[in-house]
Amino acid sequence: MDGKNACWVPGTDHASIATESKVVAKLKAQGIRKEDIGREEFLKHAWEWKEEHGGIILQQLKKLGCSCDWDRTRFTMEPALSEAVINTFVYFYKKGWIYKGVRMVNWDPEALTAVSDDEVIHKDTKSHFYHLKYFISDGNGKPTDKYLVIATTRPETIMADAAICVNPKDERHFWLKGKKVLIPLINREIPVIEDDYVEMDFGTGCLKVTPAHDVHDYEIGLRHNLPVLEIIDDHGKLNEKAQILVGEDRFVARKKIVKMLEESGNLVKTEEYISPVGYSERTDAVIEPKLSAQWFLKMEKLAATALETVESGRTNFIPEKYVNTYRHWMENARDWCISRQLWWGQRIPAYYLPDGSYVVEATPEEALKAAQAKNPALTMADLKQDEDVLDTWFSSWLWPISVFDPEKPGHPDHKPNKDLAYYYPTNDLVTGPDIIFFWVARMIMAGEEFMGKEPFSNVYFTGIVRDKIGRKMSKTLGNSPNPLDLIDNYGADAVRIGMLLCSSAGNDIFYDEAQIKQGAAFCNKIWNSYRLVKGFQVADIPQAPAAKLAIEWFAAKLSETITQVEDHYSKFRISDALMAIYKLFWDDYCSWYLEAIKPAYGQPVDPETYKVTLSYFEALLKLIHPVMPFITEELWQDIAERREGETIMYAASPKPQAYNPTVLENFNLVAEAVNGVRSVRNQKNIAPKENLHLVIKESSFPNVSLIEKMAGVNVEMLPEFGDAQAVGFMVRTHEMFVKMDGLVNVEEEIEKAEKDLEHQQKFLQGVRAKLSNERFVANAPAAVIENERKKEADALSKIESLEAKIKSLKKTN
RNA sequence: GGGCGGUUAGCUCAGUUGGUUCAGAGCAUCUGCCUUACAAGCAGAGGGUCGACGGUUCGAAUCCGCCACCGCCCACCA
């Protein structure tokens, strides 16, 4: 409507973890395990699932009337986009930023699979804190009589210990420096090391470091180059490397080893202890931290660039507060683990050779070529592709590029196609704050890396919709309304405007059906106002003076509001913009304007008024159309004869016209007078039909006919203020009187004005004090000083007019 | 435990550099109206010591300090 090429690309990602677990569950219900049918067969089921469910969200968007570029609909696993993903993997690998490393995963020993962090439930669990003696070695693997004590909840892992760690600042343990100690029962010698990670006041201040079976220990191990010894197998049983208790389940082993330690004299004491333990959401088995080989992407340079993009303001966050969150993440970004032990996704293009080495190439053919460069005898049959797939975010981070030109990323020399060149960088991303790191940050990284430019100028973070009492929508709670049902009940426009009116950026939305009802009521209001307007009979009669004034006023009001709305939109203050239009339509247009121009029952309106009234209505329709597309299109088509294919969607949005602000000021006086009369009617319980007289001072008061029409009064004009008393009146404000007996007295008005005056004088004093402060004048920016001077002048004129008012009121009294 | 944000009317939220018109909006509530577009409506009204305490200032919802409570993200201490 502003004549711009607005492109909204719809699409979906393949949600590898969620989708795979759904498909696995579905197959399981049929008694099928994915391992039994194999990767290819499994993927067929996954695609079926995708076809069935992937379209739902797009259907909802359509039903909501979202005007996406549907022809451009994309899916992250469609061939072209998958190719882009593979190319970028190869690109980063050859750049040296992708490497194979080890990482702790949450291993479910019952399901025999790694589970994601989200699928781990931490429950406070009663356990024991075992204090164990580790004897100092004499240097030849023999214990001395000196020892240290460590506290552990997992004594069954001591055979995997790689070191004992103390805090370097801990004076109690200075004597241990450089010493070696012996693991109880198996007498293996391990060093004592120092690391800040150890808390001095927790436990005994000595920590046993077991890199293979604890996340933190693994990291300490990396820092100190400790060997990693894995003694627990996939089923949660001790293996041969444990030397003792081989084949025992970890919990059985724990009980047994405690007894053995007690017998050997290594157990100092046992404490009751409650600690959070991770359980598998699916099997309720205790999660075992397990090391596994994973692929990583180095974050250092990508994160630094992405941070700069936002800090420099090339990409703005709305609301701004999320920049802090973003910075915190970017400054502490750890390398991105991009491999997933799943089948649904882009398979990692690493091909293993029989000798255990591997090559990374985009296609098997290229891989074979690369492999043959190492060993010419190799054939395709010798290559074994990596079993894992890539993290879904590793494909969706390319979205702003790949939806336009999938060939671009990963081919830095490739020229962007026409679409990409035109649309990139894009303007606005709208998304939830919960994926700032997963998606937003990574799109910025990919954009900077592959395009050398930020992918979007603005990121608008919506709130998350919660229920009335603040809980997240969830299926198990059953507190999530089906949007399609709401649309059926109230209409899409009602749902849209109802939700948006109470959504400010970054604030969660507490869903309440009352909001949708408000939206529905607004739809009705629009509809009914159109019925009135369209039902007018037009006759060639002169224009009523009240109508003329109302037309002039609404033109100004419309322009004023459009200016405000444009300002709100430019600052992404959506709910403010919509509220301004809502009030313009309901309060100004329906309640004031239409009432002012409405002819008496059975009477026609003049052609000019009718024409203008319709044009105002059309302007309002266009203003609200982006959020209420259906009702506005329907009415717009009916206002006038439209050509085939003509649509409000392409109608030019209304622009503000120059107007005289006096018109608005005059109208405010009218409104004040009318409201005064109405208030009196209400307080005194006077029927609308009963005639009243409003007495006003100035014979030149401009909008008398409008006051008469809106308030249902006869206006009498008095040449002089002082005469008013003779009539019997009440003072409202602004030199207007409602002809009623003894409602408000002049004394009160005087008192109020005097209080105002006092306040103004005090204010003036303050401003002058500031202006006479040399330091302020010397340091403050010119604009600020200017502003202060303006305040001073304003206050002076206010004081002047208040003094005049008081004088006048006193005379009246 | 670490980081970030919040606390303004019954509810959801505005409140731009401290200052006048700053204590506001919508919804809800109450009162009166079946007035010929609309009772899913019209008109009017009430309602807040701006979380607590202290400080800076002529002046604080706004700036500073501390506390309380709430929310989100990260970690889930051997």
Side-chain angles (χ1 to χ4, degrees), chain A residues 117 120 122 124 129 150-154 157 165 197-199 202-210 214-217 220 273 275-278 319 321-329 332 433-434 436-437 464 466 468 470 494 498 501-504 506-510 512 514-515 517-518 520-536 571 573 575-576 578-580 582-583 590-591 594-595 598 600-602 674-675 678-683 685-689 712 756 759-760 762-770 780-781 783-784 787-788 791 794-795 798-799:
Chain A
D117 290 347
V120 177
H122 292 273
D124 279 342
F129 217 16
I150 59 102
T152 180
T153 53
R154 301 203 61 187
T157 64
C165 189
Y197 169 77
V198 180
E199 300 278 336
F202 190 86
T204 62
C206 295
L207 168 72
K208 74 184 202 62
V209 183
T210 319
D214 183 279
V215 182
H216 296 108
D217 291 11
I220 296 173
Y273 186 64
S275 65
V277 172
K321 64 180 177 184
Y322 288 114
V323 173
N324 286 333
T325 313
Y326 181 81
R327 183 184 308 112
H328 187 247
W329 270 331
N332 299 291
D434 47 340
I436 290 182
F437 181 63
I464 293 164
R466 297 169 176 278
K468 227 193 247 184
L501 272 175
C502 60
S503 314
S504 49
N507 286 328
D508 285 356
I509 300 151
F510 294 86
D512 186 343
Q515 292 155 7
K517 286 183 178 158
Q518 187 186 352
F522 187 44
C523 290
N524 272 331
K525 190 68 187 176
I526 294 173
W527 188 263
N528 285 320
S529 63
Y530 184 68
R531 278 182 53 205
L532 173 69
V533 172
K534 199 63 188 179
F536 282 151
K571 293 169 181 156
R573 304 170 65 119
S575 59
D576 288 337
L578 298 185
M579 184 49 71
Y582 177 90
K583 286 201 272 195
C590 292
S591 298
L594 286 182
E595 292 299 332
K598 190 162 93 178
Y601 180 64
V674 173
N675 287 337
R678 283 172 175 172
S679 175
V680 169
R681 279 191 198 279
N682 244 286
Q683 283 175 36
N685 208 4
I686 302 165
K689 282 166 196 153
D756 269 7
H759 177 87
Q760 287 295 338
K762 200 182 160 207
F763 173 67
L764 179 67
Q765 217 177 350
V767 172
R768 282 186 167 159
K770 201 173 198 174
V784 172
N787 198 22
E788 290 299 313
K791 283 181 193 168
D794 284 356
K798 239 159 208 147
I799 286 169

(request) Going 5' to 3' through nucleotides 69-78 of chain B, assign each nucleotide B (protein heavy atom under 4.0 Å from a base atom), S (under 4.0 Å only from sugar-phosphate atoms) or - (no protein heavy atom that close). (result) ---SS--BBB
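- Considering CG of A:Asp214 and CG of A:Leu207, their distance stands at 8.0 Å, rounded to 0.5 Å.
- In this structure, A:Asn675 does not reach the B:A43 phosphate: none of its side-chain N or O atoms is under 4.0 Å from OP1 or OP2.
- The nucleotide whose nearest atom lies closest to any side-chain atom of A:Ser529 is, among B:G44, B:U20, B:A37, B:A37.
- Partners of A:Asn324 by side-chain hydrogen bond (donor to acceptor under 3.5 Å, both in side chains), not counting sequence neighbours, listed by chain and number: A:Arg327.
- Going from the C1' atom of B:C11 to that of B:G47 covers 13 Å, rounded to whole Å.
- By the ring-ring contact (aromatic ring centres under 6.0 Å, His included) test, A:Phe437 pairs with A:Trp329, sequence neighbours left out.
- Under the rule for a side-chain contact (heavy atoms from CB on, under 4.5 Å), the partners of A:Arg531 that lie at least two apart in sequence or sit in another chain are A:Trp527, A:Asn528.
- Shown here are the salt bridge (charged side-chain N to carboxylate O under 4.0 Å, His left out) partners of A:Lys598, two or more places apart in sequence or in another chain: A:Glu595.
- Nucleic acid contact class of A:Gly535 (heavy atoms, under 4.0 Å, all strands): none.
- Taking the side chain as every heavy atom from C-beta outward, A:Phe522 and A:Ile526 approach each other to under 4.5 Å.
- Between B:G1 and B:G59, the two C1' atoms lie 42 Å apart (nearest whole Å).
- One P atom belongs to B:A45, the other to B:G54, and the distance between them is 37 Å to the nearest Å.
- Side-chain to base pairing of A:Glu595 with B:A37: one donor and one acceptor N or O lie within less than 3.5 Å of each other.
- Evaluation of the side-chain contact (heavy atoms from CB on, under 4.5 Å) rule for A:Arg573 yields A:His568, A:Lys571, A:Asp576 as partners, not counting sequence neighbours.
- Taking A:Ser529 as the reference, A:Phe585, A:Cys590, A:Leu594, A:Phe617 meet the side-chain contact (heavy atoms from CB on, under 4.5 Å) condition, with sequence neighbours excluded.
- Toward the 5' end of RNA chain B, the nearer of the two residues A:Phe763 and A:Arg573, judged by each one's closest nucleotide, is A:Arg573.
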(request) Taking Watson-Crick and G-U wobble pairs with both distances under 3.5 Å, convert RNA chain B into its dot-bracket string, 5' to 3', dots for unpaired and | for cross-strand pairs. (result) (((((((..((((.....[....)))).(((((.......))))).....(.(((..]....))).))))))))....
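- By the side-chain hydrogen bond (donor to acceptor under 3.5 Å, both in side chains) test, A:Thr210 is found to be paired with A:Asp161, A:Lys208, residues two or more places apart in sequence or in another chain being considered.
- Nucleic acid contact class of A:Cys590 (heavy atoms, under 4.0 Å, all strands): base.
- The shortest distance between side-chain heavy atoms of A:His328 and A:Thr325 does not fall below 4.5 Å.
- Residues satisfying the salt bridge (charged side-chain N to carboxylate O under 4.0 Å, His left out) criterion with A:Arg768, sequence neighbours excluded, are A:Glu792.
- B:G26 and B:G65 have their P atoms separated by 36 Å, given to the nearest Å.
- Within the structure, every side-chain polar atom (N or O) of A:Asn524 is placed at least 4.0 Å from both OP1 and OP2 of B:G41.
- Backbone-only engagement by A:Ser591 is indicated by non-hydrogen atom pairs under 4.0 Å involving sugar-phosphate atoms exclusively.
- Residues passing the side-chain contact (heavy atoms from CB on, under 4.5 Å) test with A:Gln518, sequence neighbours excluded: A:Leu501, A:Tyr582.
- With hydrogens and angles left out, the side chain of A:Lys525 and the base of B:C38 share a donor-acceptor pair within 3.5 Å.
- Look at the P atom in both B:U17 and B:U56: the space between them is 24 Å, to the nearest Å.
- Comparing the C1' positions of B:C77 and B:U62 gives a spacing of 41 Å, expressed to the nearest Å.
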(message) Within the 4.0 Å limit for protein heavy atoms, which parts of nucleotides 24-30 of chain B are touched? Write it as a string from 5' to 3', B for base, S for sugar-phosphate only, - for none.
(response) -SSS---
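- A donor and an acceptor atom never sit less than 3.5 Å apart when one is taken from the side chain of A:Asn528 and the other from the base of B:A37.
- Rounded to whole Å, the C1' atom of B:A78 lies 32 Å from the corresponding atom of B:G5.
- Using atom C1' as the reference point in both B:G19 and B:C34, the two lie 50 Å apart (nearest Å).
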